[in-house]
Amino acid sequence: MDTPILDFVRRYAASGTARFHMPGHKGQGLLGCEALDITEVQGADALYEAQGIIARSEQNASALFGSRRTLYSTEGSSQCIRAMLYLALTHRARGTSPLVVAARNVHRAFVHAAALLDMQVQWLWPEESGSLCGCPVSARQLEEVLSQLEAPPAAVYLTSPDYLGGMADVTALAEICHRYGTLLLVDNAHGAYLHFLSPSLHPLDLGADMCCDSAHKTLPALTGAAYLHISSNAPESLAADAKGAMALFGSTSPSYLIMASLDGCNALLADDYPRQLARCVADMEGCRRKLADAGWQVQSSDPLRITLRMPQGLAGKTLADRLRSQGMECEYADEDFLVLMLTPNNDPSQLERFVCALGENDRPVARPRQLPLACGQQAISIREALFAPHRLVPAEESLGCICGAPTVSCPPAIPIAVSGERIGPEALELFRLYGVEMVDVLCDFDC
């Protein structure tokens with residue numbers, strides 16, 4: 001597969017052209033990559049008016065993923081989330097309402113998009129919660145919610161895989177959405193690689209209408225590289241207007257380094273990547289068996305993640321510190337879980353180091369924690385709340401206040417309280433558990 005963007009920036013770097021244009025480093029600097037970092041010079045195309053090398057590269061990506069259209073983001077999945085929600089609302093089917101039904105474990109980028117779009121949201125809550133990161137939604141639950149609405153929503157929105165690796169039954173949920181005439185959108189930020197498994201587990205291949213992938217999370221691409229995918233089964237109007245939607249939320253100075261990495265990634269994916277992925281998945285499955293044999297509680301997760309539930313008397317953050325002291329850095333840790341993300345770019349010996357570092361677990365298995373559901377009353381809209389004056393208060397003093405900006409660390413960037421909600425005692429309990437010390441609340445409303 002050709003790599004038109006990567007080839008162009010390499011030729012330009014080697015040409016010796018006097019750079020009387022942006023950026024200011026002029027192809028020189030301390031990082032060593034500046035020569036490849038260009039702007040929209042003649043022949044370089046432009047991301048949001050793509051007709052040349054960028055258009056060809058995106059077409060290559062569309063062919064690889066089997067989509068109607070795939071577009072590049074140099075600003076991560078956050079840009080794609082805003083764009084696909086905009087598309088869902090502006091192209092909603094006749095008879096649907098301007099409402100999005102969303103599983104509660106959304107990334108805060110979803111909340112920001114809801115404010116920018118003045119979007120109505122109805123939350124899907126899990127039947128029981130063991131982590132802020134997860135929100136399993138059953139087909140029965142979704143059917144019940146949709147059947148009770150006066151009109152179908154513009155879209156249903158899911159996060160799959162979630163931060164712990166939990167995966168939704170996208171096939172069953174898509175079938176229900178389409179029966180009600182609504183779109184299924186999936187935040188697949190952690191699952192770009194899923195299309196290259198055999199069989200594919202990618203949301204597009206399981207029935208989703210649109211999804212975002214953070215290429216940089218699981219594919220060999222630079223941080224910030226992401227895709228917006230439009231399914232071949234989705235309405236043509238979504239694909240036709242997708243570039244304009246991305247432009248609405250994107251910088252007019254997209255990074256050519258990031259675009260070149262997406263372009264080069266196409267060639268790798270079209271070559272030996274599926275075989276490398278299969279080998280990595282097999283190695284990780286073997287690692288999970290060794291961990292289980294050593295007494296560790298391994299959670300079900302997507303294939304490129306190892307998620308451990310902590311035994312009694314050991315916090316995930318403590319175990320993460322132990323690994324860090326031995327030269328290993330995990331993806332995420334909280335009181336109850338420790339998460340590793342691997343790709344074919346990890347050497348298999350690193351898995352062996354991890355297993356050896358953990359050793360035998362002789363602590364008793366912890367009972368799964370049941371967390372309260374922080375179903376705060378929506379006092380004002382998300383947009384009103386985010387655009388109102390805010391102040392920070394200690395979390396323990398926020399009871400009864402109205403949430404301003406969602407306050408949560410990244411990772412996992414999943415809000416405990418959403419903008420416009422009145423903070424209840426359940427939220428306070430979650431603030432304590434997840435170490436949230438200060439909360440952003442509205443100034444003009446009494447707590």
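Hydrogens, waters and symmetry mates are skipped; everything else that's a heavy atom, side chains included, is used.
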Q. How many angstroms lie between atom CD1 of I414 and atom SG of C135, to the nearest 0.5 angstrom?
A. 9.5 Å
Q. How close do L142 and C177 get, heavy atom to heavy atom, and via which atoms?
A. CD2-SG, 4.0 Å
Q | CA sep, side-chain torsions, deciding dist, call: Q28, E34, side chain to side chain contact (heavy atoms under 4.5 Å, CB included) | A | CA-CA 5 Å; Q28 305 175 54; E34 287 86 352; 5.7 Å; no
**Q.** Test log, rule side chain to side chain contact (heavy atoms under 4.5 Å, CB included), inputs M210 and I230
**A.** CA-CA 5 Å; M210 289 189 283; I230 314 294; 3.6 Å; yes
Identify each donor-acceptor pair in which a side-chain atom of residues 41-48 lies under 3.5 Å from a protein atom, sequence neighbours left out, and give them as a table.
| residue | atom | partner | partner atom | Å |
| --- | --- | --- | --- | --- |
| D45 | OD1 | Q51 | N | 3.0 |
| D45 | OD1 | G52 | N | 3.3 |
| D45 | OD2 | Q51 | N | 3.2 |
| D45 | OD2 | G52 | N | 2.7 |
| D45 | OD2 | I53 | N | 3.3 |
| D45 | OD2 | I54 | N | 3.0 |
| D45 | OD2 | A55 | N | 3.4 |
| Y48 | OH | Q79 | NE2 | 2.8 |

Q) Residues two or more places apart in sequence or in another chain: which of them pass salt bridge (Lys or Arg N to Asp or Glu O under 4.0 Å) with E426? A) none
Q | Steps toward side chain to side chain contact (heavy atoms under 4.5 Å, CB included) verdict (S57, L262) | A | CA-CA 8 Å; S57 184; L262 283 165; 5.9 Å; no
Q) In terms of side-chain heavy atoms, does S77 have a donor or acceptor partner in S214 at a distance below 3.5 Å? A) yes
**Q.** From K217 atom NZ to L304 atom CG, the distance as rounded to the nearest 0.5 Å
**A.** 14.0 Å
Q. Is the backbone N or O of L87 less than 3.5 Å from a side-chain atom of H91, with the two atoms forming a donor-acceptor pair by type?
A. no
Q. Is the CE atom of M438 crowded by more than 12 outside heavy atoms at less than 6.0 Å?
A. yes
Q: Using the side chain to side chain contact (heavy atoms under 4.5 Å, CB included) rule, take E335 and Y434 through it: C-alpha gap first, then chi angles, then the decisive distance, then the call.
A: CA-CA 8 Å; E335 288 300 303; Y434 286 95; over 6 Å; no
Q | Parallel, tilted or perpendicular: ring planes of F249 versus Y86, cut at 30 and 60 degrees | A | perpendicular
Q.
Taking salt bridge (charged side-chain N to carboxylate O under 4.0 Å, His left out) as the cut-off, I'd like each qualifying pair that reaches into residues 163-187, sequence neighbours left out, listed once.
A. E143-R179, E175-R179
Q) From R82 CZ over to E75 CD, what is the distance, rounded to the nearest 0.5 angstrom? A) 8.0 Å
Q: Could you verify whether a donor N or O on one side chain and an acceptor N or O on the other, from H190 and D302, lie under 3.5 Å apart?
A: no
Please list, one pair per line, the donor and acceptor atoms closer than 3.5 Å that link side chains of residues 7-14 to other protein atoms, with sequence neighbours excluded.
| residue | atom | partner | partner atom | Å |
| --- | --- | --- | --- | --- |
| D7 | OD1 | T3 | OG1 | 3.1 |
| Y12 | OH | H21 | NE2 | 2.7 |

Q: Please round to the nearest 0.5 Å and tell me the distance separating atom CG of L222 and atom OG of S261.
A: 4.0 Å
Q. Donor-acceptor pair, R19 side chain versus A35 backbone, under 3.5 Å?
A. yes
Q: Could you tell me whether the side chains of D334 and Y332 share a donor-acceptor contact shorter than 3.5 Å?
A: yes
Q. Which atom names give the shortest non-hydrogen contact between L71 and A242, and what distance separates them?
A. CD1-CB, 3.6 Å
Q: Could you list the residues that satisfy salt bridge (Lys or Arg N to Asp or Glu O under 4.0 Å) with R68, not counting sequence neighbours?
A: E236
Q. Quick check: does any side chain N or O of D209 sit under 3.5 Å from a backbone N or O of L185, one acting as donor and the other as acceptor?
A. no
Q) Is the side chain of S398 donor-acceptor paired with the backbone N or O of C401 at a distance under 3.5 Å, no angle test? A) no
**Q.** Residues which pass side-chain contact (heavy atoms from CB on, under 4.5 Å) with D2, listed by chain and number, not counting sequence neighbours
**A.** P4, R56, N60
Q. Using a distance-only test with no angle check, is there a side-chain donor-acceptor pair under 3.5 angstrom linking D213 and H202?
A. yes
Q) Do the ring planes of F110 and Y157 sit parallel (below 30°), tilted (30 to 60°) or perpendicular (above 60°)? A) tilted
(Q) Measuring from atom OH of Y180 to atom CG of L149, what distance do you get when rounded to the nearest 0.5 angstrom? (A) 9.0 Å
Q. Is the shortest distance from a Lys or Arg side-chain nitrogen in R324 or E329 to a carboxylate oxygen in the other one below 4.0 Å?
A. yes
Q) Got a salt bridge between R288 and E285, using NZ or NE/NH1/NH2 to carboxylate O under 4.0 Å? A) yes
(Q) Between S419 and C403 (side chain of the first, backbone of the second, donor and acceptor by atom type, cut-off under 3.5 Å), is there such a pair? (A) no
(Q) Show the nearest heavy-atom pair for residues C80 and L228, with the distance to one decimal. (A) SG-N, 3.8 Å
(Q) Between H229 and S62 (side chain of the first, backbone of the second, donor and acceptor by atom type, cut-off under 3.5 Å), is there such a pair? (A) no
Q. Which class fits the ring pair Y227 and Y72: parallel under 30°, tilted 30 to 60°, perpendicular over 60°?
A. tilted
(Q) Let me confirm one number: the CG-OG1 distance from L342 to T218, rounded to the nearest 0.5 Å. (A) 11.5 Å
Q. Looking only at heavy atoms, what is the nearest atom pair of L386 and A405, with distance?
A. CD2-CA, 3.7 Å
(Q) Do the side chains of K243 and E58 get close enough for a salt bridge, i.e. N-O under 4.0 angstrom? (A) yes
